[in-house]
Amino acid sequence: MSLVVTVHVPTGIVMAADSRMTATVAFEQGEGESKTKVQQQLVISDSAYKVVELKSVGAGMSLYDAGMIDNQPMESHVHRFEEEALSTGDDVRAVADKFMRYLQEKHPSANVGFHVGGHRVEGKTSVPYVLVGHTVHEKAI
């Protein structure tokens with residue numbers, strides 16, 4: 001479970017997240033008909049980076065749900081995305097759209113939620129944006 005908060009305040013956009021990364025391990029315990037399904041939470045790290053700066057576009061991204069994809073932390077995927085998919089002139093709105101497409105193309109089964117925060121120049125004004133996305137739109141309860 002992650003705690004990710006993004007807030008627009010008069011002086012800017014504040015992004016914060018916890019740094020614990022966990023994984024759930026499921027297994028069966030017991031023998032014969034007395035088998036019990038057990039799920040256990042394991043702490044993988046207490047220093048995961050869930051808020052990542054996108055220097056090339058002057059924006060930030062906060063991540064939740066999947067902490068790792070293909071044995072790589074999400075932070076690594078965000079940096080790779082920045083290198084491979086972002087262009088000069090992209091703004092905060094383009095980042096959110098491109099990141100969603102990037103994940104769907106490269107990691108279609110990944111369950112990743114994200115906030116993208118930054119400013120976009122509209123006319124002569126710098127307008128704050130906070131966009132929220134998730135690769136899985138419907139979750140089974």
Side-chain angles (χ1 to χ4, degrees), residues 1-31 33-141:
M1 181 162 87
S2 293
L3 175 63
V4 174
V5 179
T6 304
V7 180
H8 172 254
V9 296
T11 56
I13 297 170
V14 179
M15 302 181 92
D18 69 302
S19 60
R20 177 165 276 192
M21 186 184 311
T22 60
T24 302
V25 177
F27 57 92
E28 289 186 355
Q29 197 170 27
E31 294 182 22
E33 291 184 24
S34 63
K35 285 186 179 179
T36 305
K37 288 185 180 182
V38 177
Q39 287 189 339
Q40 184 176 9
Q41 288 283 342
L42 300 175
V43 175
I44 296 172
S45 173
D46 273 330
S47 58
Y49 291 103
K50 296 179 185 177
V51 179
V52 182
E53 179 184 12
L54 300 169
K55 293 179 183 180
S56 65
V57 293
M61 184 177 293
S62 300
L63 304 153
Y64 57 97
D65 283 338
M68 297 182 78
I69 299 175
D70 296 336
N71 294 320
Q72 295 290 319
M74 279 306 301
E75 174 196 16
S76 297
H77 292 283
V78 172
H79 289 303
R80 191 168 301 114
F81 156 73
E82 183 176 21
E83 292 170 354
E84 293 177 8
L86 294 182
S87 307
T88 304
D90 281 344
D91 61 23
V92 65
R93 291 184 69 180
V95 169
D97 292 337
K98 285 185 170 187
F99 189 62
M100 181 67 82
R101 285 196 305 271
Y102 179 86
L103 287 174
Q104 290 170 340
E105 179 184 308
K106 303 265 186 185
H107 309 285
S109 62
N111 180 18
V112 180
F114 60 92
H115 296 180
V116 178
H119 290 79
R120 176 181 173 173
V121 177
E122 295 180 1
K124 294 182 179 182
T125 307
S126 181
V127 179
Y129 276 81
V130 175
L131 299 126
V132 178
H134 204 288
T135 59
V136 178
H137 297 288
E138 295 181 25
K139 292 185 180 183
I141 298 176

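Scanning both residues, Lys50 and Ser2, for their nearest heavy atoms gives NZ-OG, 2.8 Å. When every heavy atom of Pro128 is checked against every heavy atom of Ile13, the shortest pair comes out as CB-CD1, 4.2 Å. A pairwise comparison of heavy atoms in Val5 and His115 identifies C-ND1, 4.5 Å as the closest pair. Closest heavy-atom contact between Ala96 and Phe114: O-CZ, 4.0 Å. In terms of heavy atoms, Thr135 sits closest to Leu103 at CG2-CD1, 3.7 Å. The shortest non-hydrogen separation linking Ser126 to His119 is OG-CB, 3.1 Å.
Of the possible donor and acceptor atoms, one in the side chain of Asp18 sits under 3.5 Å from a partner among the backbone N and O of Leu3.
Between Asp46 atom CG and Met21 atom CE the span is 10.5 Å, to the nearest 0.5 Å. Atom NE2 in His134 sits 8.5 Å away from atom CE in Met100 (nearest 0.5 Å). Rounding to the nearest 0.5 Å gives a distance of 12.0 Å between NZ of Lys98 and CD of Glu84. For the atom pair CG of Asp90 and CG of Leu54, the computed distance is 10.5 Å after rounding to the nearest 0.5 Å. Of the inter-residue distances, the one linking Arg93 atom CZ with Arg120 atom CZ reads 5.0 Å to the nearest 0.5 angstrom. Met74 CE to Ser62 OG: the interatomic distance, rounded to the nearest 0.5 Å, is 12.0 Å.
Pairs engaging residues 66-82 under the salt bridge (charged side-chain N to carboxylate O under 4.0 Å, His left out) rule: none recorded [sequence neighbours left out].
Side chains of Val136 and Asp65 form no contact here, defined as non-hydrogen atoms less than 4.5 Å apart. Looking at Leu63 and Phe99, their side chains come closer than 4.5 Å, going by heavy atoms from C-beta outward. The closest side-chain heavy-atom distance from Lys106 to His77 is not below 4.5 Å.
Within 6.0 Å of the OH atom in Tyr102, the count of heavy atoms belonging to other residues, nucleotides or ligands exceeds 12. Annotation for Gln39: atom CD does not count as buried by contact number, only 12 or fewer foreign heavy atoms lying within 6.0 Å. Counting heavy-atom neighbours within 6.0 Å of Glu31 CD, excluding the residue itself, gives a total of 12 or less.
Residues forming a salt bridge (Lys or Arg N to Asp or Glu O under 4.0 Å) with Asp97 (at least two apart in sequence, or on another chain): none.
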